[in-house]
Amino acid sequence: MRKEPIGKLISLIHRHSQKSLNKRLAAYDLGGGGQHSFLKTILHKPGINQDQLTHDLKFDKATTARAVKQLEQAGYITRIVNNQDRRSLSLFPTDKAEAFFPQLQSILDEHNNRLTRNLTEDEQLQLIALLSKVNLETEE
């Protein structure tokens with residue numbers, strides 16, 4: 001078996017995966033750039049600010065700002081001035097986001113199932129463990 005560079009394989013999987021996922025989410029006015037990740041985090045952590053969102057998702061500030069702006073324009077979130085720090089905006093999901101969450105989770109679950117459909121359950125667990133281990137190395 002020819003040994004492929006790991007980075008190349010991860011990049012290919014990521015690009016194909018994002019292209020497919022973006023196509024599914026476009027019908028819901030969610031674009032690329034990981035908007036679904038931002039929305040899920042805001043749904044799980046209502047009131048989070050952009051700096052914490054950037055830190056949690058490991059995106060740069062510009063990407064976070066674009067995603068937040070697009071989510072707000074699509075009606076999924078609202079930005080409210082933080083009472084403790086008037087320079088900071090707290091991010092909250094709207095009723096539209098709350099209502100959409102089960103559908104979003106279903107799309108993401110289906111997507112994940114498609115990615116791993118050729119793997120046994122043990123192989124899926126092993127893949128997650130190995131990728132998590134590789135990810136730890138990249139965080140240094």
Side-chain angles (χ1 to χ4, degrees):
M1 182 165 111
R2 185 170 162 237
K3 188 175 176 183
E4 287 286 338
I6 293 170
K8 178 182 176 185
L9 288 172
I10 290 171
S11 178
L12 285 171
I13 292 166
H14 176 72
R15 284 196 313 262
H16 291 284
S17 172
Q18 288 304 301
K19 186 176 178 182
S20 170
L21 192 55
N22 290 344
K23 194 180 294 185
R24 285 285 317 273
L25 293 173
Y28 302 97
D29 215 12
L30 284 175
Q35 282 185 23
H36 63 281
S37 298
F38 290 99
L39 181 56
K40 268 190 76 169
T41 302
I42 294 165
L43 281 158
H44 288 303
K45 296 180 177 181
I48 190 170
N49 66 36
Q50 281 188 214
D51 285 338
Q52 189 62 49
L53 192 59
T54 297
H55 178 266
D56 287 2
L57 294 178
K58 310 224 179 325
F59 281 96
D60 59 66
K61 287 183 178 188
T63 300
T64 300
R66 270 192 308 278
V68 165
K69 181 179 179 185
Q70 290 166 340
L71 288 171
E72 186 178 39
Q73 288 174 342
Y76 287 110
I77 66 165
T78 57
R79 294 189 269 191
I80 298 173
V81 175
N82 185 309
N83 289 334
Q84 283 77 32
D85 180 359
R86 310 279 308 154
R87 297 169 295 159
S88 178
L89 296 172
S90 298
L91 309 173
F92 292 92
T94 61
D95 291 342
K96 177 182 177 178
E98 297 282 356
F100 174 61
F101 180 65
Q103 180 70 28
L104 173 61
Q105 191 58 57
S106 176
I107 290 168
L108 295 174
D109 290 344
E110 287 172 22
H111 181 70
N112 195 53
N113 289 337
R114 218 174 345 193
L115 283 172
T116 59
R117 69 178 173 250
N118 294 322
L119 303 176
T120 66
E121 192 169 327
D122 284 344
E123 289 171 332
Q124 289 178 35
L125 293 172
Q126 184 179 20
L127 177 62
I128 291 167
L130 291 171
L131 289 172
S132 295
K133 202 173 188 179
V134 170
N135 186 49
L136 287 175
E137 292 299 318
T138 63
E139 290 181 354
E140 293 179 352

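All residue numbers in this chain count up from 1 along the given sequence.
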Fill in: 4.5 Å side-chain heavy-atom contact, Leu89 and Ile80
no
Worksheet entry | Within 6.0 Å of CD in Gln103, more than 12 heavy atoms from elsewhere | yes
Discussion item. Quick one, His16 and Lys19 - any side-chain contact, counting heavy atoms below 4.5 Å?
Written reply: no
Item to complete: Over all heavy atoms of both residues, which pair between Ser17 and Leu115 is shortest? Give the atoms and the distance, please.
Response: OG-CD1, 3.9 Å
Discussion item. Could you report the tightest heavy-atom contact between Leu43 and Pro93, atom names first, then the distance?
Written reply: CD2-CB, 3.6 Å
Worksheet item: Under 4.5 Å between side-chain heavy atoms, hopping through other hydrophobics if needed: is there a path connecting Phe92 to Leu30?
Response: no
Item to complete: Check the pair Glu72, Arg79 against side chain to side chain contact (heavy atoms under 4.5 Å, CB included), reporting the backbone distance first and the verdict last.
Response: CA-CA 8 Å; Glu72 186 178 39; Arg79 294 189 269 191; 2.7 Å; yes
Worksheet item: Residues two or more places apart in sequence or in another chain: which of them pass side chain to side chain donor-acceptor pair (under 3.5 Å) with Asp56?
Response: Lys45, Gln52
Practice prompt. Mind listing the closest non-hydrogen atom pair of Ala74 and Asp29 along with its distance?
Written response: CB-OD2, 3.6 Å
Fill in: Counterpart residues, salt bridge (charged side-chain N to carboxylate O under 4.0 Å, His left out), relative to Lys96 (two or more places apart)
none
Practice prompt. With sequence neighbours left out, write down each residue that passes side chain to side chain donor-acceptor pair (under 3.5 Å) with Asn113, or none if nothing qualifies.
Written response: none
Worksheet item: Are His36 and Ile107 close enough that some pair of their side-chain heavy atoms sits under 4.5 Å apart?
Response: no
Worksheet item: Is any side-chain heavy atom of Leu130 less than 4.5 Å from a side-chain heavy atom of Val134?
Response: no
Fill in: Short side-chain to backbone donor-acceptor contact, Thr41 and Ser37, under 3.5 Å
yes
Fill in: Rounded distance (nearest 0.5 Å) linking atom CG of Leu71 with atom OG1 of Thr78
11.5 Å
Worksheet, complete the sentence: For Asn49 and Ser88 the tightest heavy-atom approach is CB-OG, 3.5 Å
Practice prompt. Flag yes if Ile48 and Ile77 sit in one hydrophobic cluster, no otherwise; membership is Ile, Leu, Val, Met, Phe, Trp, Tyr, and two members link when side-chain heavy atoms are under 4.5 Å apart.
Written response: yes
Discussion item. Applying ring-ring contact (aromatic ring centres under 6.0 Å, His included), can you list everything that pairs with Phe101, at least two apart in sequence or on another chain?
Written reply: His44
Discussion item. Donor-acceptor check, side chain of Thr116 to backbone of Asn112, threshold 3.5 angstrom: yes or no?
Written reply: yes
Item to complete: Measure the spacing between OG of Ser90 and CG of Leu53 and express it to the nearest 0.5 Å.
Response: 11.5 Å
Worksheet item: Just by modelled atom types, is the Gln50 backbone N or O under 3.5 Å from a matching donor or acceptor in the Thr64 side chain?
Response: no
Worksheet item: What are the two closest heavy atoms between Asn118 and Glu123, and how far apart are they?
Response: O-OE1, 4.1 Å
Item to complete: Could I get the full list of salt bridge (charged side-chain N to carboxylate O under 4.0 Å, His left out) partners for Lys8, not counting sequence neighbours?
Response: Glu4
Worksheet, complete the sentence: For Asp60, the side chain to side chain donor-acceptor pair (under 3.5 Å) test, sequence neighbours excluded, returns Thr63
Discussion item. Using 0.5 Å steps for rounding, measure from the CG atom of Leu9 to the NE2 atom of His14.
Written reply: 14.5 Å
Practice prompt. Please examine the side chains of Tyr76 and Tyr28, heavy atoms only from C-beta on, and report whether any two atoms are closer than 4.5 Å.
Written response: yes
Item to complete: State, with a plain yes or no, whether a side-chain heavy atom of Phe100 is found less than 4.5 Å away from one of Leu39.
Response: yes
Discussion item. Would Gln126 and Asp122 count as a side chain to side chain donor-acceptor pair (under 3.5 Å) here? Give the steps.
Written reply: CA-CA 6 Å; Gln126 184 179 20; Asp122 284 344; over 6 Å; no
Practice prompt. Classify the side-chain pair Arg15/Ser11 by whether it contains a donor and acceptor separated by less than 3.5 Å.
Written response: yes
Worksheet item: Would you call Gln70 and Gln35 a side-chain contact if the rule is heavy atoms closer than 4.5 Å?
Response: yes
